[in-house]
Number of protein chains: 2
Amino acid sequence: MANLLTRKLEAFGPLPDADRLLLDDVIRSARAVGPRTDLIREGDTPSDVNLILEGFACRYKVLPTGRRQIMAYLVPGDFCDLHVFILKTMDHTIATLSACTVVKIPRARILELMERPALARAFWWAALVDEATLREWLVNIGARRSEQRVGHLLCELLLRLQTVGLTNGNQYELPITQGELADTVSLTGVHVNRILQRLRASGLITLKGKNLVILDVERLMALSGFNSNYLHLAEQDGFREQSL
Amino acid sequence: MANLLTRKLEAFGPLPDADRLLLDDVIRSARAVGPRTDLIREGDTPSDVNLILEGFACRYKVLPTGRRQIMAYLVPGDFCDLHVFILKTMDHTIATLSACTVVKIPRARILELMERPALARAFWWAALVDEATLREWLVNIGARRSEQRVGHLLCELLLRLQTVGLTNGNQYELPITQGELADTVSLTGVHVNRILQRLRASGLITLKGKNLVILDVERLMALSGFNSNYLHLAEQDGFREQSL
DNA sequence: CGGCAACTTGACAATGCTCAACGCGGGTGG
DNA sequence: CCACCCGCGTTGAGCATTGTCAAGTTGCCG
């Protein structure tokens with residue numbers, strides 16, 4: 001259970017041993033990237049796919065006003081841009097938030113992996129879950145009040161980090177500033193701060209430095225209107241055995 | 001230039017004549033669906049792919065509070081759910097807004113079409129553009145002020161409807177109530193109404209009944225911070241000739 | 001130990017929401 | 001064919017959530 005990528009992809013379904021070995025090989029050549037560093041910029045035409053192995057990265061756009069909107073968090077095991085194969089230019093920027101370990105996978109390598117049916121399905125699944133997550137974020141920002149917004153985000157991260165083994169009970173590392181959180185949930189830094197105070201005062205969370213503890217997961221999920229169905233984890237069915 | 005689906009997919013790149021004929025065949029068996037009718041519900045496990053031929057449909061979720069968030073508009077030429085092949089259960093609902101003409105395409109039929117390289121690429125492109133649009137909506141709702149939000153939406157629809165030939169100059173049919181618009185841009189119906197007044201008063205649009213005219217496209221785009229790059233139309237490049 | 005970034009807190013402003021009432025228009029049933 | 005009715009659009013008044021500005025504190029890194 002060493003390989004993070006394998007672990008993530010197997011959240012969808014088990015992989016043949018041969019495929020696992022391929023994945024082990026893919027993540028050999030990792031490189032370190034500092035915090036707050038753009039990996040791919042809007043307008044670029046990248047030729048490789050980036051995979052996050054350690055740390056938090058994000059997708060974002062900046063408006064003429066200077067307002068930045070973060071559209072996705074990329075956590076260990078997440079691909080940055082499988083789009084590369086079809087769309088020519090990036091319509092948004094991808095950057096690290098914390099210090100990260102990143103692997104650059106060449107197009108050709110991805111195409112090789114895609115020839116393996118189980119891997120191809122798993123990649124599809126990952127891409128579709130990313131899209132479902134994006135939809136949920138739209139709902140989060142569009143329809144929930146501020147306290148629910150940040151609560152919902154914290155719940156989502158708990159589950160996502162759990163599947164790659166980066167939680168310790170209901171506790172995980174959140175290497176992100178309140179300002180970045182604000183750009184994510186579409187509030188101001190000041191207001192995010194006040195909301196975190198409230199969540200602390202309600203006995204729902206503890207957040208000291210980068211260390212987050214969710215004290216009462218059930219209550220936080222209820223408060224936030226969190227329903228994990230959009231992550232499509234552990235769907236008990238025979239469907240995925242069917243052909244692509 | 002009769003087939004709407006062909007027209008939409010060729011916004012990405014030209015298709016072989018043989019593929020066009022296949023597409024002509026696909027859209028033969030259309031059916032009419034009334035307005036405000038669910039096509040697929042959250043929790044369903046659909047086995048077909050729906051394609052919109054006429055009218056407006058949408059993706060949405062409803063929260064416990066009763067608040068509805070619309071996450072996407074589906075206009076003629078749009079597929080509802082290519083996800084079907086990987087994810088078991090729907091995590092959101094798809095419904096018509098206006099009266100629609102819809103085609104149900106069986107899984108097997110889609111798989112057939114996907115064997116044609118040019119069509120497979122075009123389907124991928126359509127899916128990726130849908131995702132890019134979703135990201136732009138997140139930015140729209142998260143980072144733009146109310147007047148820009150509705151302006152941006154109107155600009156997007158102009159371009160999308162243009163590619164399927166459903167505009168008449170800078171004029172098109174918007175078969176949607178102000179309440180539905182509100183659920184889309186995450187405002188209240190009352191406030192959307194006031195914004196439309198302002199846009200009218202500024203000489204930017206005309207909206208009588210379902211008939212929208214954008215009087216000054218450039219100014220509306222500038223006001224809304226609209227940049228069409230995320231629609232990935234007409235990318236002049238040799239990239240798409242490359243292999244998938 | 002100094003400095004800078006992140007966090008915290010307070011006072012005030014404004015954008016957008018709620019509630020409420022009314023007009024208009026198209027569809028339906030008598 | 002007319003009348004009614006309901007949904008949609010419109011407008012007003014007051015309110016609440018969240019943003020802005022500003023100043024002070026904490027804590028980490030060099």
Side-chain angles (χ1 to χ4, degrees), chain A residues 34-37 56 63 65-70 96-99 140-153 173-201 205-212 223-224, chain B residues 34-37 56 63 65-70 95-99 140-154 173-201 205-212 223-224:
Chain A
R36 264 145 283 194
T37 306
F56 274 41
L63 301 193
T65 59
R67 174 105 179 57
R68 174 175 71 160
Q69 178 67 47
I70 292 177
T96 60
L97 291 165
S98 68
N140 202 33
I141 287 179
R144 284 194 259 262
R145 7 202 88 265
S146 52
E147 214 169 321
Q148 300 183 294
R149 283 193 213 170
V150 347
H152 194 280
L153 180 63
E173 198 190 336
L174 185 69
I176 277 181
T177 69
Q178 292 183 5
E180 289 160 346
L181 251 178
D183 287 348
T184 307
V185 293
S186 197
L187 298 168
T188 56
V190 173
H191 203 238
V192 164
N193 183 285
R194 294 196 229 264
I195 287 164
L196 289 175
Q197 312 284 5
R198 255 189 280 162
L199 292 177
R200 282 191 263 243
I205 66 165
T206 275
L207 179 56
K208 284 192 196 108
K210 303 308 180 199
N211 186 14
L212 177 80
L223 170 85
S224 314
Chain B
R36 263 144 284 191
T37 307
F56 274 40
L63 301 193
T65 59
R67 174 104 179 58
R68 173 175 73 159
Q69 178 66 48
I70 292 177
T96 60
L97 291 165
S98 68
N140 203 32
I141 288 179
R144 285 194 259 263
R145 3 204 91 264
S146 51
E147 213 168 322
Q148 300 183 295
R149 282 192 214 171
V150 347
H152 193 280
L153 181 64
L154 298 180
E173 198 191 337
L174 185 68
I176 278 183
T177 69
Q178 291 183 5
E180 288 160 346
L181 252 177
D183 286 348
T184 307
V185 293
S186 196
L187 298 167
T188 56
V190 171
H191 202 236
V192 164
N193 183 286
R194 293 195 230 265
I195 287 165
L196 289 174
Q197 311 285 6
R198 255 188 279 163
L199 292 177
R200 282 191 264 243
I205 67 166
T206 274
L207 179 56
K208 283 191 197 111
K210 303 309 178 198
N211 186 13
L212 178 80
L223 170 85
S224 314

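Lettering of chains follows the sequences in order, A, B, ..., and the numbering in each one begins at 1. Fair warning: this is a prediction, and the values are worked out from it, not measured in the lab. The figures here come from the full heavy-atom set of this structure, side chains too, leaving out hydrogens, waters and symmetry mates.
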> Report which part of the nucleic acid B:R149 touches: base, sugar-phosphate, or nothing (heavy-atom distance under 4.0 Å, all strands).
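Counting heavy atoms under 4.0 Å across all strands, no contact is made by B:R149.
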> Expressed as a whole number of angstroms, how long is the span from A:H191:NE2 to C:dA11:C1'?
15 Å
> Within the distance-only criterion (no hydrogens, no angle test), does the side chain of A:S98 pair as donor or acceptor with the backbone N or O of A:P175 below 3.5 angstrom?
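Here the side-chain-to-backbone pair does not exist.
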> Can you tell me whether the side chain of B:R145 and the base of C:dG16 have a donor-acceptor pair closer than 3.5 Å?
no
> Tell me whether B:T37 contacts the main-chain N or O of B:T96 through its side chain, where contact means a donor paired with an acceptor under 3.5 Å.
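Between the backbone of B:T96 and the side chain of B:T37 there is no qualifying donor-acceptor contact (under 3.5 Å).
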> Output the rounded distance in Å from CD (B:Q178) to C1' (C:dC24).
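Going from B:Q178 (CD) to C:dC24 (C1'), I get 13 Å.
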> Report the nucleotide, chosen from C:dC17, C:dT8, C:dA6, that has the shortest atom-to-atom distance to any side-chain atom of A:T177.
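Of the options given, the side chain of A:T177 lies nearest C:dA6.
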> Please state how far atom CZ in B:R144 lies from atom P in C:dG16, giving the value in whole angstrom units.
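Between P of C:dG16 and CZ of B:R144: 14 Å.
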> For a 4.0 angstrom threshold against heavy atoms of chain B, report the outermost contacting nucleotides of DNA chain D in 5' to 3' order.
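Nucleotide range in contact with chain B: D:dC8 to D:dA13.
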> Quickly work out the B:N193 CG to C:dG16 C1' distance and round it to whole Å.
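Roughly 14 Å, once rounded to whole Å.
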> Expressed as a whole number of angstroms, how long is the span from B:D183:CG to C:dC17:C1'?
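It is 14 Å, rounded to the nearest whole Å.
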> Could you walk me through whether B:S224 and B:R144 satisfy the side chain to side chain contact (heavy atoms under 4.5 Å, CB included) test, starting with their C-alpha distance in whole Å, then the side-chain angles of each, then the deciding distance to 0.1 Å, before giving a yes or no?
CA-CA 8 Å; B:S224 314; B:R144 285 194 259 263; 5.6 Å; no
> Knowing that exactly one of B:N193, B:L181, B:V192 qualifies, which makes a side chain to side chain contact (heavy atoms under 4.5 Å, CB included) with B:L187?
B:V192
> When you check the phosphate oxygens OP1 and OP2 of C:dG16, does a side-chain N or O of B:T188 lie under 4.0 Å from one of them?
no
> Keeping the roles fixed (side chain from A:Q69, backbone from A:T184), state whether a donor-acceptor pair exists under 3.5 Å.
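It does hold such a pair.
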> Send over the distance from A:K210 NZ to C:dA5 C1', rounded to a whole Å.
10 Å
> What are the two closest heavy atoms between A:K210 and A:L207, and how far apart are they?
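Taking every non-hydrogen atom into account, C-CD1, 4.4 Å.
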> Expressed as a whole number of angstroms, how long is the span from B:I195:CD1 to C:dG16:C1'?
9 Å
> Please determine whether a side-chain nitrogen or oxygen atom of A:R36 lies at a distance below 4.0 Å from atom OP1 or OP2 of C:dA5.
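A:R36 to C:dA5 OP1/OP2: no side-chain N or O under 4.0 Å.
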> Is the backbone of A:V185 close enough, under 3.5 Å, to the side chain of A:R149 for a donor and an acceptor to pair up by distance?
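Looks like yes, one N/O pair under 3.5 Å.
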> Starting at CZ of A:R194 and ending at P of C:dA11, how long is that distance when rounded to a whole Å?
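One finds 10 Å between P of C:dA11 and CZ of A:R194, rounded.
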> Just call it for A:L187: base, sugar-phosphate, or nothing, with non-hydrogen atoms closer than 4.0 Å on any strand.
sugar-phosphate
